[in-house]
Amino acid sequence: MQTFRDDLLAGKVAFVAGGTSGINLGIAKRYAQLGAKVAVCGRNPEKAANAAREIGPDALGLSADVRDYAAIRGAMEQVVDRFGKMDIVVSGAAGNFLAPVLGMSANAFRTVVDIDLNGTFNVFRGCHDLLNLPGASLIAITAGQAINASALQAHACAAKAGINQLIRVLALEWGPHVRVNGISPGPIANTEGMARLAPDSATRQSHFDRIAMKRWGEIEEVAECAVFLSSPAAAYITGTILDCDGGSQIGDASRMDLSKGMA
Ligand code: HXC
Ligand code: NAP
């Protein structure tokens with residue numbers, strides 16, 4: 001896919017929380033391909049080091065838990081020490097498992113809200129004075145569950161809905177100098193999220209049937225959205241949530257029989 005000039009992000013510094021695997025690692029790799037200096041951060045230091053190696057020789061792999069404000073702030077200070085102030089910050093760390101409310105302890109609910117929602121607060125609150133201003137771009141990775149209630153997903157639905165509102169509030173408060181947006185991926189192939197939320201073929205099929213475009217999304221397609229939102233092409237876009245989901249959010253395409261009503 002050749003969508004952006006190779007040097008689009010030259011001179012920029014990007015930090016991707018949760019960037020050590022999956023969709024967020026795809027975003028980090030694409031930023032680096034387009035010339036940005038990139039740091040990724042997850043809990044597991046070995047995974048972070050491997051991710052940094054995959055991204056390229058200059059990339060930084062850091063270890064911190066987004067639930068721990070001091071730790072994630074410390075990681076971002078390391079980025080600034082190495083590369084200078086940050087231009088792009090992505091908050092994508094998430095935790096998820098399928099469980100009904102009655103199969104989930106208070107700690108289980110709190111854990112997902114803590115990683116996804118409080119983690120995003122910590123990343124964005126903690127980065128503000130480390131940003132190159134004006135012109136910085138923040139992106140939170142949300143999900144369709146923020147809008148559409150989904151059984152077995154009370155924790156993630158609540159957390160991602162909170163993220164959507166946090167995006168909008170920060171876009172209002174930081175409007176003149178920081179753009180704050182979200183990306184809402186649909187079901188993306190070959191990810192931990194899909195493995196957890198669609199663990200068997202029947203569930204995968206029912207997810208698939210709902211997608212208007214009748215195919216899974218690719219990590220690289222979400223990465224292109226992140227590049228767009230961080231680029232000058234999106235200079236007047238803030239507080240928006242960009243669905244990259246093959247039309248999943250529009251409605252459920254699984255019950256359509258288009259032959260009905262045809263001549
Ligand atoms: C019920 C469960 C459970 C399950 C864990 N818990 N799994 N409860 N059903 N399947 C409970 C535990 O029993 C515990 O409660 C509490 O959750 C915390 O569990 P820990 O293992 O101590 O937590 P921790 O080590 O912090 O790990 C967090 C985690 C783990 C979320 C549980 O799975 C993780 O690290 N996930 C990160 C990777 C990930 O999930 N990636 C997919 C993101 S995809 P008790 O009461 O026993 O102490 C995604 C999809 C997007 O987000 C689309 C939807 C929004
Ligand atoms: P993934 O591969 O599991 O990525 C999660 C990342 O977050 C990893 O780097 C993980 O590394 C890190 N992480 C988890 N908990 C953390 C914590 N407490 N502190 C710091 N880092 C933490 O997941 P994915 O499927 O690619 O999903 C990525 C994002 O896209 C998530 O925000 C998810 O909600 C969203 N999304 C995914 C899909 C999908 O189809 N997969 C759909 C909609 C939305 P460590 O484990 O080492 O910490």
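Order of appearance sets the numbers: ligands from 1, and atoms from 1 within every ligand. Side chains included, hydrogens not; waters and symmetry mates left out as well; all remaining heavy atoms used.
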Answer whether the closest heavy-atom distance between the side chains of L62 and V40 falls below 4.5 Å.
no
Which pair of non-hydrogen atoms, one from N24 and one from I141, has the smallest distance, and what is that distance?
OD1-CG1, 3.5 Å
M194 to ligand 1, any heavy atom closer than 4.0 Å:
no
Among protein heavy atoms, which sits nearest to atom 44 (S) of ligand 1, and what does the distance come to when rounded to 0.1 Å?
G193 CA, 3.4 Å
How does T191 reach ligand 1, by side chain, by backbone, by both or by neither, if only non-hydrogen atoms under 4.0 Å count?
neither
Can you name the atoms of ligand 1, numbered from 1 with element, that are less than 4.0 Å from a heavy atom of A156?
55 (C)
Contact with ligand 1 for M104, non-hydrogen, under 4.0 angstrom
no
When you measure from atom 47 (O) of ligand 1 to every protein heavy atom, which one gives the shortest distance, and what is it?
S105 OG, 4.5 Å
Closest protein heavy atom to atom 33 (O) of ligand 1, given as residue, atom name and distance to 0.1 Å:
R196 NH1, 2.7 Å
Hydrophobic clusters here meaning ILVMFWY residues chained together by side-chain heavy-atom distances under 4.5 Å, can you tell me if V80 and V89 are in one?
yes
Are L197 and L98 packed together at the side-chain level, in the sense that at least one heavy-atom pair is separated by less than 4.5 angstrom?
yes
Closest non-hydrogen contact found for T203 with A198 is CG2-CA, 3.9 Å
So the atoms of ligand 1 within less than 4.0 Å of a heavy atom of L197 turn out to be 50 (C), 53 (C), 54 (C)
Which residue owns the protein heavy atom closest to atom 38 (C) of ligand 1, what's the atom, and how far is it?
A94 O, 3.7 Å
Looking at atom 48 (O) of ligand 1, what's its closest protein heavy atom, distance included?
N107 ND2, 3.0 Å
Ignoring hydrogens and angles, state whether a donor on the side chain of Q33 or D6 is under 3.5 Å from an acceptor on the partner side chain.
no
Considering only non-hydrogen protein atoms, determine which one is nearest to atom 26 (O) of ligand 1 and report residue, atom name and distance to 0.1 Å.
R67 NH1, 2.9 Å
Mind jotting down which protein residues get a heavy-atom contact under 4.0 Å with ligand 2? Chain and number order, please.
G18, T20, S21, G22, I23, N24, G42, R43, N44, K47, A64, D65, V66, R67, G92, A93, A94, I115, I141, T142, A143, K160, P185, G186, P187, I188, T191, E192, G193, M194
Taking every heavy atom of S230 against every heavy atom of L9, the minimum-distance pair comes out as O-CD2, 4.4 Å
Is there a polar contact, in the sense of an N or O pair closer than 3.5 Å, between R43 and ligand 1?
yes
Contacting atoms of ligand 1, where contact means under 4.0 angstrom from a heavy atom of Q153
54 (C)
Do any non-hydrogen protein atoms sit less than 4.0 Å from atom 40 (O) of ligand 1?
yes
Using a plain distance cutoff, I'd like to know if T111 has any nitrogen or oxygen under 3.5 Å from a nitrogen or oxygen of ligand 1.
no
Any idea which of N96, L152, D65, I23 brings a heavy atom closest to atom 50 (C) of ligand 1?
N96
For I72 and C41 the tightest heavy-atom approach is CD1-SG, 3.9 Å
For atom 16 (C) of ligand 1, state which one of P185, A108, A143 supplies the nearest heavy atom.
A108
Identity and distance of the protein heavy atom lying nearest atom 1 (C) of ligand 1:
G103 O, 3.5 Å
Measure the distance from atom 5 (C) of ligand 1 to every protein heavy atom, then report the residue, atom name and distance (to 0.1 Å) of the closest one.
F97 CE2, 3.7 Å
Identify the heavy atoms of M194 and P187 that sit nearest to each other, and give their distance.
SD-CB, 3.5 Å
Quick one, I55 and Y31 - any side-chain contact, counting heavy atoms below 4.5 Å?
no
